[in-house]
Each structure stands twice: as structure tokens, then as C-alpha cells.
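Okay, so here's the structure we're looking at.
Atoms within each ligand, like the ligands themselves, are counted from 1 in listed order.
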Amino acid sequence: MTHAALLATLAAGLATGAGVAWLGLRRRARRGGARGDDLFRTLFEAAPECVKLQSREGIVERMNPAGLALLEAGRPGRIVGRSVYGVIAPGHHAAYRALTEAVFRGEPGTMEFELLTFRGRRRWLETHAAPLRAAPGGPVTGLLAFTRDITERKWMTRRLEEQRNHLRTIIESEPECVKLHDRQGVILTINPAGRALLDAASAEQVVGRTVYDFLVPEYHEAYRALTRRVFAGERATLAFEVIGLGGRRRWLETHGTPLRDGEGKISALLAITRDIDERKRTEAKLRQQQAELARVCRLSTLSELASGLAHELSQPLCAVSSYAESAAALAGADDELRHLLERVVAQSGRAAAIVGRLRDFVRKHTPRPAAIHPGIIADNVLHFTAAELRHHGVALHSSITPGLPPVRADRVQIEQVLVNLITNAIQALARAPAGGRRITLEAVLEDQSTVAFQVSDNGCGIGPEHRARLFTPFFTTRSGGLGLGLSISRTIVEDHGGRIACTVAGGETRFRFTLPVAGA
Ligand code: ADP
């Protein structure tokens, strides 16, 4: 029998009714003669842990060298024959007394306690105590204890607990989402920041569910691939969208790292996840702005093209017109021919006017504000739009408050705004019953320093979902629309120091903009 085996027998015996096993060993040792005694003595003397025998009152009757060393007693006399309570830390006396009482009732037991060595050092011990009987079934005559030093284990446990607490505090207060999930995506733990990203009030709402319960389905496959890579030992990153418990959709970015157990096996995926919603939104906005810029660039190319074309066409049209005029003069008595040539003159004049308007429209106009009477602006606009109004069967009623002061404005630009508003109104009236299509153009004094222009129609109106975007470049609901009219109008009005807004009420759509009174 090896030392270790003997000690194991002793320990097992102590844990189960040990006194009997101890006596058994002694008896066997005695029966075995000197060799058995040697064996027993060797066992007692050489046991690496403390073996002691004590009375009900706590008087130590025997203690082996390992025990004496544990107590730093130096010689047996300092503890043998004395009370064990002399070394047990006072806080543990009651529990030790209870254990002793139990053992003397025949019940073995185990406890952890602190003691003070003879050199004043504190140590944590773990003791297995068992009743010692003179004969099996006989009265308990002593307490046999097998005690080991667990100071280091205690210290390690405390350190471990401390480290675990530190880690927990760090994870709990980490502003980014930290979570662990298994190979199937089942969430094992998640910190408060992570719960907030999923709109969860408590961990219970998330732990035990899978990440796929929150991921938008189109990212499931990519997330599975990330999980496979991490469980194969790699680190991986993925951006995806989730829908939180509150139904909010969010962009997140996860950095996945393998989490290994004590044996180095990957036990979970550690995911550090951040909210990239704002970034994604900004990126999308940037892309939209770039697209808009590209369209504006294309439009300015178009403008260049149009102005080039206008320039090239105006000369030949002029020539056609003057040749036709000369030919008409030569037509003499041929009235029919002269009439036809006059129509050529009129039509080429019209073509030249269209080309001229086109050139005016696309010309990069430098605003030239001047004092101008609102009535003049209104008259010009009525003149420009008369044909269009007639063509669409729309009645325009103009109401300009008499005696309005002049406004400070670039006439051409403000006329462009009003023509645009009236054209929009005409289009909005396309489906209104013929005879009932009305537009009102008004100019009123808003206050001493401001004049307001209004264009109202009783057309199709504007749905609430569209109202916020009316002035956004390229917003249009018309198949052939460019969606630039209102955005250009707003820029022009604001450049003049005014405001433009739209209201829809009582079957009437009204666009209203303000201009400063000249000299105000
Ligand atoms: P476009 O006329 O090319 O569509 P606009 O910027 O002038 O561009 O107008 C943008 C959108 O605003 C139109 O497509 C239309 O949906 C809406 N809108 C503008 N004016 C009116 C109006 N008077 N009544 C109804 N909808 C209007």
C-alpha cells in the first residue's frame, strides 16, 4: 500500500464513519505485528496533512508532524494537551463546537475555518472530522480530524471571484454591445448596452433566444457564415440590420471572436457590436446627394446644349424670316403667295421667340434685384401663362391689393417662380371637371416690410405623405416631371430674403411666398 493509497483510505474512512476505518487500520496494523505498527506509525508520521485526535472539550490528544508544522508549533507540547480553541480564529469557535458535538453524537462532518498559527499567521483550513470509537457500535471516545491547508485555494478562489467581478463590471458598463452566443446563435449572455440595441428591458427577454430572431432575414446566411468562421478559429466582422423588440430597424456591425474554454476548445462566439445606424444613414444621404449632383451636372450640360442650340438656331431663323419678308415684297399681286410668305415670317418669328425663351431659361442668371411693383410682375406672368391657361380651360382670377409698395426683386426670377406655381396648378387641375378649374393669383401686404404672393387652385391637392418633400430637389409625382420647379423656386425666394410654403385646406392648394418691400 502506498502512502497516497493509505491516506486515501483514511480520508475515505473519515468521510464515511472514519473512526471505524482508522481503528480498522490500527487493528490490521496490530494483527500484522511490528510491520503493521510501522505502517501505521509511518502513515501517521509521514502523512503530508494534519491528523489529530481531540476530546469533546477540544483538548488535542495527538497531532502528527504535518499538523505541528501547519500550526508552526515547533514542538508538540505547545498544542498537545491544550485546547484547540487556542488556535482557531474566534469567529469560527461556535461552528467548530457544533461540529465537535455532532461528531460525538456519531455524525462525521466537514468544515472550513481560519486559525492563527503560533507565529501569528492566519490560515484557512478544511477539516474532515469523524467519531473515534473503542469498538464498532461503541460510544464515541474521540474526534479524529484530517485537516488540510486551503489558504492558497481560498486566495485563488477569491482572486478568481475578484477578476470575475472586474470583468463583469467592465462588460456591464461597456458602452458597446457585448454578447456571447453558441454555434446555433443562441444568446448566452448580453450586456445592458446590447439589450438597449434590441429594445429589451431585461436580459430574460433576450437570453435563450437566437440572434436570428432579431436579424433581418436577408442577413441570416451571411451571419451563419460569420459564425462558422469564428467557430473555425477566425475573427470576422459583419454589418447587418436587426429589428428590435420595439420594432425598430437598426444597422449594426459585429466583430466576432472565438471564446475558448480551459482546454482551448471554442465554446462560444464573443460578439462586440456597435450601432452604425447613423453612419449608414449619412452614407445613404451622401450617396443620394452625389446622385443629385450627378443629375444637376447632367442638367447643366443640358443647359449648355440648349443655349448652344438656341444660339445656332437664332441666326438661320432670322435669315428665314428676312428672306420670307423679301420674297413677300417681291410677290407683287399674288396675294395667296404673299399671304403664305407672311405666315412663314410669322412662324419663323414664333420659332425665334421660343428659342429666345429657351436661351433665357437656361442662361445662368445673375440676380439683379431692383424695386418693382407687384402689379407689373403679376401682369407679366398673366401674359406668359395666358395661352397655357386657355389651352387647359383654366380660369385665372388675379387679385392684387391696390396701392401695394414696390418689392425688391429680380423680376425675371420672381416671374419664373410664379409661372412655375401657375404651371403646377394647371397640371393639378387636369382631372378637375371642365368649367370648374380655377386658379387665383394674389398679392397682399403682409406687414409694413413684406408683400406676399399667393397662387391657389382647386385641383387634386397634395397628400400629407408628400407635403414634407415638395421642395426637395427631384421630388415629383408626375411621370414626365423633373421635380426641380419647387426646389428652384424656394432657392430663388430665399435668396431674396423671403419664405415659401404650401398649405392644403378645404379643397384648395395654396403656395405662398414673401418678398421684402423695397427700401424696408
Ligand atoms: P415637377 O412639376 O417637375 O413635378 P415641382 O418641383 O414643380 O416638379 O413639383 C413637385 C411636385 O409637387 C409635383 O410633382 C406635384 O406632385 C406637387 N405639386 C406641386 N404643385 C402642386 C399643386 N398645385 N397641386 C398638387 N400638387 C402639386
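Counting protein heavy atoms only, atom 9 (O) of ligand 1 is closest to L486 CD1, 3.7 Å. The protein heavy atom nearest to atom 18 (N) of ligand 1 is R478 NH2, 4.0 Å. The protein heavy atom nearest to atom 10 (C) of ligand 1 is F475 O, 3.2 Å. Among all non-hydrogen protein atoms, the one lying nearest atom 21 (C) of ligand 1 is F511 CE1, 3.8 Å. With hydrogens left out, the protein atom closest to atom 8 (O) of ligand 1 is G483 CA, 3.2 Å, a heavy atom. Scanning all protein heavy atoms for the shortest distance to atom 15 (C) of ligand 1 gives T477 OG1, 3.5 Å. Of all protein heavy atoms, the one closest to atom 24 (N) of ligand 1 is A428 CB, 3.3 Å.
The pair D149-R123 meets the salt-bridge criterion, with a side-chain N (NZ, NE, NH1 or NH2) lying under 4.0 Å from an Asp/Glu carboxylate O. Using a cut-off of 4.0 Å between Lys/Arg side-chain N and Asp/Glu carboxylate O, R279 and E253 are scored as salt-bridged.
In this structure, of N458, N424, V455, the residue bringing a heavy atom nearest to atom 20 (N) of ligand 1 is N424.
Both tests do not hold together for R490 against F513: distance to the six-membered ring centre under 6.0 Å, angle to the ring axis within 45°.
Using 4.0 Å as the threshold, F471 has no heavy atom nearer than that to any atom of ligand 1. Distances shorter than 4.0 angstrom do not occur between any heavy atom of S489 and any atom of ligand 1.
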**Message:** The test is salt bridge (charged side-chain N to carboxylate O under 4.0 Å, His left out); show your working for K154 and E126 and say whether it passes.
**Reply:** CA-CA 10 Å; K154 276 273 183 195; E126 178 189 74; over 6 Å; no
**Asked** Given the rule in the salt bridge (charged side-chain N to carboxylate O under 4.0 Å, His left out) test, do K280 and E241 qualify, once you have shown the distances and angles that lead to the verdict?
**Response** CA-CA 10 Å; K280 282 282 180 185; E241 283 176 285; over 6 Å; no
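Separation of the H466 and F475 ring centroids falls under the 6.0 Å cut-off. Remark: aromatic rings of H181 and Y223 are close, center separation under 6.0 Å.
When each atom of ligand 1 is checked for a heavy atom of L470 under 4.0 Å away, the hits are 12 (O), 17 (C).
Here the CG-CG distance, from L188 to L269, works out to 10.0 Å after rounding to the nearest 0.5 Å.
Between E112 and W124, some side-chain heavy-atom pair lies under the 4.5 Å cut-off.
Considering backbone and side-chain atoms together, T476 places an N or O closer than 3.5 Å to an N or O of ligand 1. Annotation: Q427 places no N or O atom under 3.5 Å from an N or O atom of ligand 1; distance criterion only. The shortest N or O to N or O distance between S487 and ligand 1 is not under 3.5 Å.
A donor atom on one side chain and an acceptor atom on the other are found under 3.5 Å apart for R478 and Q427.
Contacts of D457 with ligand 1, taken as heavy-atom pairs under 4.0 Å, involve the side chain alone. Contacts with ligand 1 closer than 4.0 Å are made by side-chain heavy atoms of I462 only, the backbone lying farther away.
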